[in-house]
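All remarks here apply to the structure that follows.
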Amino acid sequence: MTPIIKAVRGTRDFYPRQMAFRNWLYGHIRAISEKYGYQEWEAPILETLDLYAAKSGEELVQEQAFVFEDRGGALVALRPELTPSLARMVAQRAQQLPRPIRWWSFGPFWRYERPQKGRVREFFQWNLDLLGSQSVSADAEVASVSAELLMALGLTPEQVVFRVNSRSFMEYCLAEIGLSDIASGAVFGLIDRIDKLSEEKWAANGAAIGLADKQLVMLRELLLDRERWRQSEDLCTFFKAVEALGMRKWFEFDARVVRGLDYYTGVVFEARDRDAKYRAILGGGRYDKLVADVGGESIPATGFAMGDVVVGLVSEEAGLIPDLSGCNTQILVTLFAEEFTEQSMLLARDLRAANLAVEVFPDAVKLQKQLRYADRQGIPLAVVLGPDELDSDEVSVKHLQSGAQHRVSRAGLVAGVLSLLDGESSS
RNA sequence: GUGCCUGUAGCUCAAUCGGUAGAGCGCCGCACUGUGGCUGCGGUGGUUGUGGGUUCAAGUCCCAUCAGGCACCCCA
């Protein structure tokens with residue numbers, strides 16, 4: 001046997017069962033997004049490298065993007081994130097698009113990273129953005145939409161927490177303790193690591209970027225102060241807004257959350273499982289300068305992204321994923337013998353005309369095998385048409401779960417099948 | 001891109017000190033030639049990830065490589 005060629009590292013094969021999960025997720029995403037008035041859109045998966053070079057942060061482009069030359073010699077990248085494409089498309093039609101712009105999208109992204117649990121090279125991401133409003137209530141709205149999605153999946157505030165902060169407020173706080181001279185990127189990097197490093201190592205890193213001992217103490221105090229948000233008008237507004245939207249219980253202030261991407265300017269947030277066992281489920285915030293940075297007019301914007309991998313792990317652990325076989329067939333029409341092929345196909349055709357999902361077993365193998373197949377696929381009904389049935393112009397309908405089998409007249413088949421399926425869905 | 005750990009049947013795993021690969025589940029068949037699940041019996045299953053090396057002998061030791069996991073990095 002020739003060896004099977006391996007899949008590309010970090011990619012996942014979506015067999016029907018996995019595809020059913022992805023579609024289950026997609027269905028919830030679509031329903032929630034539309035409920036809040038967002039419109040679906042999509043960008044190319046391939047973009048010119050220049051688009052990302054403009055903004056996303058050096059790390060993302062230089063080390064994590066799949067970059068290559070096309071046949072004409074131009075440098076292109078498999079998109080590592082969607083926001084630059086969004087900024088590009090909005091900038092191109094800035095004059096004609098009615099504002100506010102509420103858009104959502106779900107599609108594949110690529111990052112050349114080392115795969116591990118919760119992190120792969122090709123992943124699917126839900127993006128939802130609101131452009132054209134500077135209001136903090138816009139930040140609260142997108143954050144609430146993401147919380148609604150988690151709620152729709154069956155997760156609760158006991159299982160997931162949204163941690164919220166504001167970059168502009170943090171910059172103000174940092175200035176208060178005399179850190180405005182130090183590059184804010186470096187300080188944000190330090191803030192990001194407070195939970196990952198030991199106290200000594202963290203202090204050493206802080207000293208390395210120029211913080212005095214006293215400043216380190218004040219910074220630590222700032223980061224652990226759970227009530228500091230009350231001094232921020234924006235954050236007060238944010239929490240009032242999520243309260244009005246009925247989502248307050250999902251959100252907590254946390255000064256340690258600053259988010260990695262360079263382009264965030266205002267409110268930032270991320271959702272994680274309470275035990276912090278996994279990576280962030282989703283993350284987002286305000287990015288008021290990005291549209292202008294890719295060459296458009298200045299348009300304020302806020303939004304978030306949620307990858308499919310971590311939310312899948314968290315949902316699975318919480319036991320929320322329904323039985324998804326990936327099989328939607330309602331009826332299997334068995335094939336008793338070769339010479340019944342036409343009769344069986346006609347039966348299937350009648351059933352399909354009534355909008356039922358029907359498959360015909362393609363080979364006249366033992367009924368045993370055909371029913372076994374129906375059982376394994378989770379097909380609820382099997383129809384048998386053999387010589388006995390043909391003689392009396394009837395067919396047999398078997399309900400797999402109960403084992404009950406009925407003879408119905410050929411003409412009454414559709415009605416009989418419908419009533420059996422009805423009993424099934426209501427039970 | 002860096003460090004550490006792990007790769008044995010389709011899946012989950014065994015195999016003592018280096019001694020010539022085994023179980024459960026699955027799959028196939030039969031009991032049951034017009035009826036699935038449950039049960040019983042039988043069968044199929046492998047270049048031990050791949051390539052080299054050491055050895056009389058390698059699943060086991062060594063090197064390389066690929067893949068997965070953990071940490072770093074980064075982030076969905």
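Predicted model only: the values in this text are computed from it and were never measured.
- Within the nucleic acid shown, A/Q370 has no heavy atom closer than 4.0 Å to any nucleic acid atom.
- Atom CD1 in A/I281 sits roughly 14 Å away from atom C1' in B/C75 (whole-Å rounding).
- Within 4.0 Å of A/G10, counting heavy atoms only, lie sugar-phosphate atoms of the nucleic acid but no base atom.
- For B/G22, the paired base is B/C13 (Watson-Crick or G-U wobble, both distances below 3.5 Å).
- When the P atom of B/G69 is taken as reference, atom CZ of A/R9 falls 9 Å away, rounded to whole Å.
- Residue A/E122 is out of contact with every strand shown, counting any heavy-atom pair closer than 4.0 Å.
- Under the Watson-Crick or G-U wobble criterion, with both distances below 3.5 Å, B/A58 has no partner in any strand shown.
- Across all strands shown, A/L282 has heavy atoms under 4.0 Å from sugar-phosphate atoms exclusively, and none from any base.
- Here A/A280 lies in heavy-atom contact (under 4.0 Å) with sugar-phosphate atoms only.
- Side-chain atoms of A/Q116 and A/R279 include a donor-acceptor pair closer than 3.5 Å.
- A 3.5 Å limit on both hydrogen-bonding distances identifies no Watson-Crick or G-U partner for B/U8.
- When each of A/S396 and A/K369 is assigned the nucleotide of RNA chain B bearing its nearest heavy atom, the one mapping closer to the 5' terminus is A/K369.
- Here A/F336 lies in heavy-atom contact (under 4.0 Å) with a base.
- A/V311 comes within 4.0 angstrom of nothing in the nucleic acid, heavy atoms only.
- Contact annotation for A/R121: no contact, since no heavy-atom pair falls under 4.0 Å across all strands.
- Residue A/R193 has a polar side-chain atom (N or O) positioned under 4.0 Å from OP1 or OP2 of B/C74.
- Looking at A/E40 and A/R30, a side-chain N of the basic residue comes within less than 4.0 Å of a carboxylate O on the acidic one, giving a salt bridge.
- Residue A/R114 has its side chain nearest to B/C70 when only B/C70, B/G34, B/C27 are considered.
- Atom CG of A/L371 and atom C1' of B/G36 are 5 Å apart (whole Å).
- An OP1 or OP2 oxygen of B/C75 is reached within less than 4.0 angstrom by no side-chain nitrogen or oxygen of A/R119.
- Nucleic acid contact class of A/V120 (heavy atoms, under 4.0 Å, all strands): base.
- Using cut-offs of 30° and 60° on the angle between ring planes, the pair A/F124 and A/F14 is perpendicular.
- Among the heavy atoms of the strands lying under 4.0 Å from A/P387 is at least one base atom, whether or not backbone atoms are also near.
- With both pairing distances under 3.5 Å, B/C41 is matched to B/G29 as a Watson-Crick or G-U wobble pair.
- Ring-plane geometry between A/F162 and A/W250 is classed as perpendicular, the angle between the planes exceeding 60 degrees on a 0 to 90 degree scale with a lower cut at 30.
- One interatomic measurement links the two molecules: NZ of A/K201 to P of B/C73, which rounds to 10 Å at whole-angstrom precision.
- Note on A/N127: nothing from the nucleic acid sits closer than 4.0 angstrom, heavy atoms only.
- Taking atom CD of A/E338 as the reference point, atom P of B/G34 lies 16 Å away to the nearest angstrom.
- Taking the six-membered ring for Trp and thresholds of 30 and 60 degrees, A/Y172 and A/F169 have nearly parallel ring planes, at less than 30 degrees apart.
- Pair assignment for B/A71: B/U2, on the basis of Watson-Crick or G-U wobble contacts that are both within less than 3.5 Å.
- Note on ring orientation: taking the six-membered ring where Trp is involved, the planes of A/F239 and A/W229 are tilted (angle from 30° to 60°).
- Whole-Å rounding puts the A/E81 CD to B/C74 P distance at 16 Å.
- The aromatic rings of A/W41 and A/W103 are tilted relative to each other, their planes meeting at an angle between 30° and 60°.
- Nucleic acid contact for A/K117: sugar-phosphate only, since backbone atoms but no base atoms lie under 4.0 Å from a heavy atom of the residue.
- In this structure, B/U35 forms no base pair with any nucleotide, since neither Watson-Crick nor G-U wobble geometry is met with both distances under 3.5 Å.
- Ranked by how close their nearest RNA chain B nucleotide is to the 5' end, A/S402 and A/R372 are led by A/R372.
- We find that OH of A/Y373 is positioned 13 Å from P of B/C28, with the value rounded to whole Å.
- With a 3.5 Å ceiling on both atom-pair distances, B/U48 lacks any Watson-Crick or G-U wobble partner.
- Residue-nucleotide stacking is present for A/F123 and B/A76, judged by a side-chain ring centre under 5.5 Å from the six-membered base ring centre and planes under 30° apart.
- A/F188 has its CZ atom 17 Å from the C1' atom of B/C75, to the nearest Å.
- Contact between the side-chain N/O atoms of A/Q116 and the OP1/OP2 oxygens of B/A71 is found at a separation under 4.0 Å.
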